[in-house]
Colleague: 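Got a structure here, written out as structure tokens. Questions coming.
The first residue in the sequence is number 1, and the count goes up from there. Note: hydrogens, waters and symmetry copies are ignored here, and every other heavy atom, side chains too, is used. Note that the structure is a prediction, hence the values are computed from the model and not measured.
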Amino acid sequence: MKRILLIITLIFNVGFNFINAQETLNCDLETYELLKSLSDSKLANGKVLLFTNTHQDLAWIDEPEKCKIYRDTLWLTPFLDRLRSEPEFKMDIEQVSIVRDYFERQPGKKEEFIKFLSEGRIAIGGAYNSPYEEMYSGESLARQFYLGKKWMEDNLNGYQPTTYFNVDVPGRTAQMPQLVKKAGIDNFLISRHLKGYYNWQALDGSKVRVYSPGHHYMDFYNLLGMEDADAIKKMAKDAVSWYEIYNDNVVDKAIMPVMLNYEFIWDQEPVQNCGPFMKKWNSIRYIKTEGKKRIAVKLPNIIYGTADEFFNKGNETTEVKQTIKGERPNAWIYIHGASHQKTLKASREGDILLTQAEKFATANALIDGSFKRYPENDLQSAWLAKIYPDHGFGGKGGDITDNLFLQKYLFSQLEASKVLDKSLREIAGKINFDKNEGTPIVVFNSLSWERTDPVDFEVKFEQKELKGVSLYDDQNNEVPIQLLESSRFDDGSLKYLKARFLAKELPSIGYRTYYLKSNDSQIVANKDLNSGKLIENDFYRITFANGGVSSIYDKELKVELIDDSKFKAGEVFEMNSVGTGAGEFSLVQQPDTTFFEQLGTGTTHWVIDKKGPVFTSVKMRQKMKEAVVEMEVIIYNEIKKIDFKIDLKNWDGVLYREFRMAMPLNMENGKVTYEVPFGAVTVGEDEHKGNGGEMYNSPVKDIRPRGIANWISASNEVYGVTLSSSVVTADYIDPTDTLSKKTILQTILLASRRSCHNEGNEYLQTGSHQFNFSLTSHKPGWKNGQRFGVEANERLHSISDPETYKTAELSEKLSFFKTDKDNVVISTIKKAEDDHSVVIRAYETDGDDVDVAISMFKPITKAFLTNLIEQPKREIKIEKQKIELNLGNNSIETIKVE
């Protein structure tokens with residue numbers, strides 16, 4: 001009997017010690033107090049939701065195609081196996097491009113994948129990829145959700161994502177929350193920003209909920225790499241910090257989030273430790289430490305979840321009180337624009353061409369009364385290529401990645417150009433010209449307001465057809481033209497002509513016809529090789545000097561625009577620029593004067609190249625140490641516009657150099673504003689207040705240079721200046737003297753930095769580069785120059801002597817679509833995605849609520865306000881050929897018209 005009792009006692013003691021070992025945590029005093037506090041909190045009965053993801057740029061850890069293989073073999077296929085074998089496991093996928101790439105490699109997995117989606121065990125981010133948001137136009141950002149959220153609804157059994165992931169980019173453009181919200185997505189998941197759970201508000205007041213683990217998405221990965229005692233302490237600190245701030249709603253089961261996000265190139269031991277750590281944490285029942293008694297604790301179990309699941313439950317347990325509003329300028333601004341100049345130039349030109357192509361392809365279909373020939377597939381392919389490049393420029397194999405991104409943009413640009421050209425020619429062919437009036441020249445305006453701008457046209461002639469030409473508008477008023485290029489037959493008759501004229505009062509999203517008539521007097525190219533020192537017209541008196549323009553005197557405003565004490569207007573200067581395209585830093589790495597050169601220290605020979613009834617152009621060519629600068633300044637006779645065309649030729653490609661163009665204004669502490677997607681941001685007013693959190697701890701308002709869309713503007717109480725730009729990065733503070741109060745607008749032409757990947761490529765950009773800028777001055781305030789800034793980049797198109805349809809009935813001048821309010825812009829017009837309706841997207845620019853009427857040239861039977869991806873919300877008022885609606889301040893609205 002004693003033997004039996006001894007055996008029972010031994011078994012009991014072994015069992016007790018086993019349980020004690022499994023359930024009692026020996027820890028230091030700090031951990032003890034943290035876990036005790038957690039056990040006494042509202043979170044004790046809740047859960048820690050762990051959402052598991054692998055962050056991977058399209059190509060950063062390796063070349064693009066290799067990354068597709070890694071995502072298949074190291075991530076998605078093994079994770080699908082886990083979903084199959086571990087009923088409790090769940091996973092997130094940040095973006096749709098990853099899913100689409102996977103289905104191309106593994107089409108047989110799609111059905112099972114959809115099954116896990118429907119069970120809530122897979123969640124996918126709502127955007128096509130994770131871009132630098134300021135890198136794209138508003139419409140390109142909108143297509144992130146067409147090719148993301150809408151594609152999933154159409155192709156993944158109606159799947160409805162609720163979260164937008166963009167964890168790797170330290171930048172947010174001001175209107176992104178509105179785009180996300182109006183696409184039907186309520187949540188942001190980011191990092192490299194303030195840690196916590198809060199709202200982000202767009203310019204119009206739209207809000208989305210945000211979760212950020214803090215500076216880096218690898219926060220929990222780092223925890224899993226710690227020794228057990230340190231990891232448990234860190235987990236306890238995070239949990240206590242969470243419940244002290246959040247979980248303020250009284251519910252039975254509170255939650256907190258953790259995100260295991262990692263990359264394949266990192267050490268995988270922390271990832272493999274996830275299961276053991278969860279088991280260890282979840283097994284803690286008692287805690288003890290030296291000098292304290294052993295106590296029972298109840299801790300929230302860590303379970304697998306998804307980001308969507310967290311946000312849904314988080315809304316129940318936490319009332320979100322903090323709201324962030326406005327722009328968070330991209331701290332990695334050098335990664336794309338300045339260090340990939342030709343690539344981003346193609347991107348921005350594609351942004352413009354695609355919306356032009358959509359507008360006129362839609363108008364052409366409406367003229368035909370059918371969308372049968374609408375180039376839907378061509379446009380969709382072009383948009384897919386246009387938004388394909390994400391935030392992963394450079395990296396390992398970066399030369400291949402960067403070239404792929406460039407080729408995607410060039411393809412998009414080419415496809416858009418083909419669609420646009422075909423649409424314009426077909427529309428021109430349907431105009432009922434009076435051929436007795438001469439050769440028709442049709443000029444198309446893609447912007448949603450009436451405008452007057454220069455336009456070029458080209459015509460070929462038969463021999464003996466005519467010796468000279470004159471141009472007349474549709475009201476038979478003669479229009480001055482200026483020759484750009486020409487050739488003649490042996491008998492002196494014109495063979496080819498390229499000329500420029502000022503097209504006036506062009507209808508909104510429409511066209512106007514001009515006629516080229518025979519004139520016996522020959523047009524000659526007015527070439528004046530005399531030195532250009534002073535050019536004057538009704539608007540400006542312009543003085544040229546070494547390096548650039550030393551004076552621009554505005555005759556209307558009676559003010560000198562330029563302060564030439566350090567730089568000239570249009571002057572190119574070069575600096576030392578050590579840094580990477582992206583990286584882990586608080587503020588943008590600034591250039592310095594360790595190396596410095598400016599054109600004005602040399603002798604500049606300005607020559608009048610062309611002078612005529614439309615414009616005067618003045619040119620120069622000057623050698624710098626590492627490149628040659630050619631500049632042309634064009635002054636127009638009848639409009640208040642000065643063009644600066646700069647060719648940077650024979651650039652040696654020296655590492656760590658930067659070229660800028662200066663526009664030194666005669667103002668101190670000017671108020672600077674620049675265009676962003678679907679809006680404008682004023683420096684020091686419209687950014688997120690405070691800092692970016694942790695490593696990004698400098699004030700957000702101090703981040704510079706900035707990513708801009710079409711223009712940047714500066715004003716004081718006397719005047720304003722707007723500068724349009726073909727480059728996407730600009731500055732406004734003197735980089736050689738940051739304490740100076742002078743306002744110097746600068747466009748950053750290029751920078752030869754390198755990838756921050758330790759095996760990454762250098763961004764040398766050796767060779768020649770072309771840039772275009774336009775300047776105007778106006779009364780104070782950016783609103784007085786914003787249309788100019790857009791017009792300068794969105795050029796007019798002309799069709800000369802089109803082939804005419806026999807049934808041509810269109811009038812010589814026509815607006816297809818227009819608005820009756822100056823502060824409402826139509827960003828695009830397109831065929832609806834799911835039927836043959838017309839979709840119009842419009843936005844308010846000035847921050848004012850407005851009742852607007854949008855007119856079109858065809859009768860309307862019904863109109864609906866929709867969300868961003870064209871799903872109807874409510875019917876809106878129409879009147880014959882007019883839509884009437886209220887557009888809120890800074891709002892972006894999508895309208896579907898039948």
Side-chain angles (χ1 to χ4, degrees), residues 55 130 132-134 165-174 176-177 188-201 208-223 225-226 230 233-234 237-242 244-246 256-259 261 320-336 338 391 577-592 672 674 676 681-707 729 731-733 735 738-739 753 756:
H55 174 77
S130 303
Y132 291 112
E133 294 167 0
E134 90 296 335
F165 286 77
N166 201 335
V167 302
D168 198 19
V169 174
R172 302 268 81 83
T173 194
M176 200 65 184
F188 266 19
L189 203 155
I190 65 173
S191 69
R192 305 194 191 277
H193 200 71
L194 299 172
K195 184 174 183 175
Y197 189 48
Y198 40 87
N199 292 319
W200 203 303
Q201 182 175 315
V208 291
R209 288 169 297 179
V210 176
Y211 169 64
S212 170
H215 161 61
H216 205 294
Y217 53 87
M218 67 189 299
D219 182 67
F220 192 67
Y221 167 91
N222 287 336
L223 181 151
M226 298 175 178
D230 293 331
K233 181 185 291 187
K234 172 73 163 57
K237 282 182 179 179
D238 289 347
V240 169
S241 175
W242 181 268
E244 286 181 344
I245 302 172
Y246 308 109
M256 73 163 283
V258 293
M259 179 173 68
N261 204 336
V320 182
K321 297 181 178 69
Q322 183 183 7
T323 295
I324 288 172
K325 180 180 179 180
E327 184 97 346
R328 195 269 178 102
N330 184 7
W332 294 354
I333 191 63
Y334 276 93
I335 184 65
H336 50 72
H391 60 286
S577 188
V578 178
T580 56
E584 311 305 324
F585 43 81
S586 176
L587 289 174
V588 181
Q589 295 155 311
Q590 299 293 317
D592 61 65
V672 175
Y674 56 95
V676 299
V681 165
T682 296
V683 174
E685 295 182 7
D686 297 323
E687 305 94 345
H688 151 50
K689 302 300 185 287
N691 60 44
E694 297 181 52
M695 182 171 284
Y696 299 93
N697 54 16
S698 297
V700 168
K701 66 180 180 59
D702 293 341
I703 295 173
R704 41 169 280 273
R706 299 287 177 93
T729 314
D731 203 350
Y732 39 86
I733 290 177
T738 56
L739 297 179
R753 296 191 172 192
C756 64

Colleague: Should D168 and R192 count as an ion pair when the cut-off is N to O under 4.0 Å?
Modeller: yes

Colleague: Under the rule for ring-ring contact (aromatic ring centres under 6.0 Å, His included), what residues qualify as partners of F220, not counting sequence neighbours?
Modeller: none

Colleague: Quick one: closest heavy-atom pair of S130 and N166, and the distance?
Modeller: CB-OD1, 3.6 Å

Colleague: Are a donor atom and an acceptor atom from the side chains of R328 and H193 found within less than 3.5 Å of each other?
Modeller: yes

Colleague: Could you work out, with ring-ring contact (aromatic ring centres under 6.0 Å, His included) as the rule, every residue matching Y132, not counting sequence neighbours?
Modeller: H336

Colleague: Compare every heavy atom of E133 with every heavy atom of T173, then report the nearest pair and how far apart it is.
Modeller: N-OE1, 2.9 Å

Colleague: Taking side chain as C-beta onward, heavy atoms only, is L194 less than 4.5 Å from N691?
Modeller: yes

Colleague: For N330 and I703, which heavy atoms make the closest approach, and how far apart are they?
Modeller: O-CG2, 4.1 Å

Colleague: Can a donor-acceptor pair be found, under 3.5 Å and without considering hydrogens, that links the side chain of W200 to the backbone of G326?
Modeller: yes

Colleague: Do Q590 side-chain atoms and R704 backbone N/O form a donor-acceptor pair below 3.5 Å?
Modeller: yes

Colleague: On the 0 to 90° scale, with breaks at 30° and 60°, tag the H55-Y217 ring pair as parallel, tilted or perpendicular.
Modeller: tilted

Colleague: Kindly indicate whether the side chain of N199, heavy atoms from C-beta on, has any atom under 4.5 Å from the side chain of V208.
Modeller: no

Colleague: Are D219 and K234 within salt-bridge range, i.e. N to O under 4.0 Å?
Modeller: yes

Colleague: Is there a side-chain contact (heavy atoms from CB on, under 4.5 Å) between Y246 and K321 once you walk through the steps?
Modeller: CA-CA 10 Å; Y246 308 109; K321 297 181 178 69; over 6 Å; no

Colleague: For residues Y197 and V210, determine if any side-chain heavy atom of one lies less than 4.5 Å from a side-chain heavy atom of the other.
Modeller: no

Colleague: Taking all atoms of both residues into account, what is the closest heavy-atom pair of Y211 and V258, and its distance?
Modeller: OH-CA, 4.5 Å

Colleague: Rounded to the nearest 0.5 Å, what's the gap from CD1 on I335 to CZ on R753? Could you check?
Modeller: 10.5 Å

Colleague: Which atom names give the shortest non-hydrogen contact between C756 and A582, and what distance separates them?
Modeller: CB-O, 3.1 Å

Colleague: Using side-chain heavy atoms (C-beta onward) and a distance below 4.5 Å, is R706 in contact with T729?
Modeller: no

Colleague: Hey, does Q201 have a side-chain heavy atom less than 4.5 Å from the side chain of I324?
Modeller: no

Colleague: So do the side chains of P705 and Y334 get within less than 4.5 Å of each other, counting heavy atoms only?
Modeller: yes

Colleague: Measure from the side-chain N and O atoms of E134 to the backbone N and O of G707, and report whether any donor-acceptor pair falls under 3.5 Å.
Modeller: no

Colleague: Are side-chain heavy atoms of V167 and H216 found at a separation under 4.5 Å?
Modeller: no

Colleague: Less than 4.5 Å apart, side chain to side chain, heavy atoms only: is that true for F188 and R209?
Modeller: no

Colleague: Check step by step if side-chain contact (heavy atoms from CB on, under 4.5 Å) holds for T323 and Y198.
Modeller: CA-CA 6 Å; T323 295; Y198 40 87; over 6 Å; no

Colleague: Show the numbers, then the answer: is there a salt bridge (charged side-chain N to carboxylate O under 4.0 Å, His left out) between K233 and D238?
Modeller: CA-CA 9 Å; K233 181 185 291 187; D238 289 347; over 6 Å; no

Colleague: Can you measure from OH (Y696) to CG (L587) and round to the nearest 0.5 angstrom?
Modeller: 10.5 Å

Colleague: Does this structure show an ion pair linking R172 with E687, if we count only N-O contacts that are shorter than 4.0 Å?
Modeller: no

Colleague: Suppose we screen for salt bridge (Lys or Arg N to Asp or Glu O under 4.0 Å). Which residues come up paired with D686, at least two apart in sequence or across chains?
Modeller: none

Colleague: Keeping the roles fixed (side chain from S191, backbone from P213), state whether a donor-acceptor pair exists under 3.5 Å.
Modeller: no

Colleague: How far apart are the closest heavy atoms of G579 and Q589, and which atoms are they?
Modeller: CA-OE1, 3.6 Å

Colleague: With rounding to the nearest 0.5 angstrom, report the NE2 to NZ distance, H688 to K325.
Modeller: 14.0 Å

